Amino acid sequence: MSEFILLENLTCRYEVPCVLDLKMGTRQHGDDASEEKKANQIRKCQQSTSAVIGVRVCGMQVYQLDSGQLMFMNKYHGRKLSVQGFKDALYQFFNNGKYLRRDLFESVLKKLSELKSVLEKRESYRFYSSSLLIIYDGKESTMDSDSEYSEDLSEESADESAGAYAYSNSASSTVDVRMIDFAHMTCKYFGEDSVVHEGQDTGYIFGLQNLITIIKEIRDDNE
């Protein structure tokens with residue numbers, strides 16, 4: 001009987017998937033990396049936001065309602081971003097060209113905080129060179145267009161329309177946050193690994209905390 005690895009298509013349930021691929025942690029090389037590979041990965045971290053905030057953009061696509069086109073950012077551009085550039089890229093990811101998808105923030109923040117809590121309880125785990133995906137559907141719905149947060153309505157009429165157009169629960173439920181790429185992951189339970197680490201993966205957790213902080217800043221600055 002053969003054994004297989006079954007891969008899940010994380011975007012199949014979305015009509016227009018908007019995807020953010022974030023390289024997490026302050027270190028990217030695995031324990032088994034050659035000296036050349038190690039030096040290369042260290043250089044990439046030092047020349048990007050990885051060294052400063054523990055996270056960098058590795059790829060992004062986001063649907064723009066105004067143009068009907070997907071906007072892309074590749075890993076090479078992501079490496080060149082400053083910390084402010086990284087913040088701007090995150091804002092861009094949550095902006096569909098017409099308005100900021102504020103309805104997504106709470107769900108994303110909740111998932112990231114839960115992940116951080118889990119990792120803080122894990123000893124010896126290291127997720128070198130792994131990524132974090134954030135995915136949502138960029139397709140405009142009746143709820144999206146009609147609930148442009150009703151900024152032109154009075155407070156009373158906005159409350160009345162909430163029953164018909166409120167979509168925070170529905171939209172938030174479609175947000176997915178996933179850890180991926182575990183080729184260089186290690187922990188003390190892997191008996192064949194040559195190095196056993198102690199304590200938390202502080203580099204990954206550092207990146208998660210900064211990601212949470214930046215998303216909160218974007219949310220709070222655009223209330």
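The first residue in the sequence is number 1, and the count goes up from there. Computed from a predicted structure; not experimentally measured.
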Exercise for review: Could you list the residues that satisfy side chain to side chain contact (heavy atoms under 4.5 Å, CB included) with H77, not counting sequence neighbours?
Suggested key: M73, N74, L81
Exercise for review: Determine, stepwise, if the pair K188 / E198 fulfils side chain to side chain contact (heavy atoms under 4.5 Å, CB included).
Suggested key: CA-CA 8 Å; K188 61 184 177 182; E198 296 182 358; over 6 Å; no
**Study point:** Heavy-atom pair with the smallest gap, counting every atom of C18 and G138
**Key:** SG-CA, 3.7 Å
Point to revise | Intermediate values then yes/no, side chain to side chain contact (heavy atoms under 4.5 Å, CB included), Y125 and M185 | key: CA-CA 7 Å; Y125 284 82; M185 179 263 178; 3.1 Å; yes
Review point. For the side chain of K116 and the backbone of I205, is there at least one donor-acceptor N/O pair under 3.5 Å apart?
Key: no
**Study point:** Single hit among V62, V19, V16 for side chain to side chain contact (heavy atoms under 4.5 Å, CB included) with L70
**Key:** V16
Review point. What are the two closest non-hydrogen atoms of T26 and G203, and how far apart are they?
Key: OG1-CA, 3.5 Å
Point to revise | Residue list, side-chain hydrogen bond (donor to acceptor under 3.5 Å, both in side chains) with D181, at least two apart or on another chain | key: none
Check your understanding: Are Y63 and Y136 close enough, and set up right, to give a ring-ring contact (aromatic ring centres under 6.0 Å, His included), and what steps lead you there?
Key -> CA-CA 10 Å; Y63 185 66; Y136 70 88; over 10 Å; no
Point to revise | Atom pair NZ/OG of K75 and S48 - distance to nearest 0.5 Å | key: 12.5 Å
Check your understanding: Is there a donor in the side chain of E217 and an acceptor in the side chain of T213, or the other way round, less than 3.5 Å apart?
Key -> no
Exercise for review: Could you tell me the separation between the SG atom of C58 and the CG atom of L132, rounded to the nearest 0.5 Å?
Suggested key: 11.5 Å
**Study point:** Backbone N/O of C187 and side chain of E123: donor-acceptor pair under 3.5 Å
**Key:** no
Exercise for review: Assess whether side chain to side chain contact (heavy atoms under 4.5 Å, CB included) is satisfied between L211 and I53, documenting all intermediate values.
Suggested key: CA-CA 8 Å; L211 179 60; I53 57 175; over 6 Å; no
**Study point:** Among H197, H184, R126, side-chain hydrogen bond (donor to acceptor under 3.5 Å, both in side chains) partner for D31
**Key:** H197
Exercise for review: Would you confirm whether S82, through its side chain, and G85, through its main-chain N or O, come within 3.5 Å as a donor-acceptor pair?
Suggested key: yes
**Study point:** CZ-OG distance between R79 and S50, expressed to the nearest 0.5 angstrom
**Key:** 9.5 Å
Check your understanding: Roughly how far, to the nearest 0.5 Å, is CG of L112 from OG of S117?
Key -> 12.5 Å
Practice item. Using atom types as modelled and distance alone, determine if a side-chain donor or acceptor of Q69 lies under 3.5 Å from a backbone N or O of L65. Key: no
Point to revise | Greater than 12 external heavy atoms within 6.0 Å of E36's CD | key: no
**Study point:** Side chain N222, main chain I218, donor-acceptor under 3.5 Å
**Key:** yes
Point to revise | Same cluster (ILVMFWY, side-chain, under 4.5 Å), V196 and F182 | key: no
Practice item. Check whether the side chains of Q84 and D88 place a donor and an acceptor atom closer than 3.5 Å, and report yes or no. Key: yes
**Study point:** Transitive ILVMFWY side-chain link L22 to V118, under 4.5 Å
**Key:** no
Review point. If you group Ile, Leu, Val, Met, Phe, Trp and Tyr by side-chain heavy-atom gaps below 4.5 Å, do M24 and I42 land in one group?
Key: no
Exercise for review: Mark yes or no for whether Q200, through its side chain, and E120, through its backbone, hold a donor-acceptor pair below 3.5 Å.
Suggested key: yes
Review point. Is the side chain of D201 donor-acceptor paired with the backbone N or O of F127 at a distance under 3.5 Å, no angle test?
Key: yes
**Study point:** Shortest non-hydrogen contact between Q28 and C45, atoms and distance
**Key:** CG-SG, 3.3 Å
Exercise for review: State, to 0.1 Å, how close S107 and V175 come at their nearest heavy-atom pair, and which atoms those are.
Suggested key: OG-CB, 3.9 Å
Check your understanding: Are Y204 and I212 joined in one hydrophobic group, where the rule is that I, L, V, M, F, W and Y side chains link up if heavy atoms are under 4.5 Å apart?
Key -> yes
Check your understanding: What distance do T174 atom OG1 and D103 atom CG have between them, rounded to the nearest 0.5 Å?
Key -> 8.0 Å
Exercise for review: Determine, for E106 against R219, whether the closest basic-nitrogen to carboxylate-oxygen distance falls under 4.0 angstrom.
Suggested key: yes
Check your understanding: Is the shortest distance from a Lys or Arg side-chain nitrogen in K139 or D137 to a carboxylate oxygen in the other one below 4.0 Å?
Key -> no
**Study point:** Side chains of V52 and F86 in contact at under 4.5 Å (non-hydrogen atoms)
**Key:** no
Practice item. Look up atom CG in L10 and atom CZ in R178, then write down how far apart they are to the nearest 0.5 Å. Key: 5.0 Å
Review point. Could you go step by step and tell me if V108 and I215 meet the side chain to side chain contact (heavy atoms under 4.5 Å, CB included) rule?
Key: CA-CA 9 Å; V108 172; I215 293 176; 3.9 Å; yes
Check your understanding: Hey, what's the ring geometry for H29 with Y128, parallel, tilted or perpendicular (30° and 60° as the breaks)?
Key -> parallel
Exercise for review: Examine distances only and state if a side-chain atom of D193 and a backbone atom of V195 form a donor-acceptor pair shorter than 3.5 Å.
Suggested key: no
**Study point:** Heavy atoms of other groups near E15 CD, more than 12 under 6.0 Å
**Key:** no
Check your understanding: Is a side-chain donor or acceptor of T49 paired with a backbone partner of V55 at a separation under 3.5 angstrom?
Key -> yes
Exercise for review: Could you tell me whether K38 atom NZ has more than 12 heavy atoms of other residues or ligands within 6.0 Å of it?
Suggested key: no
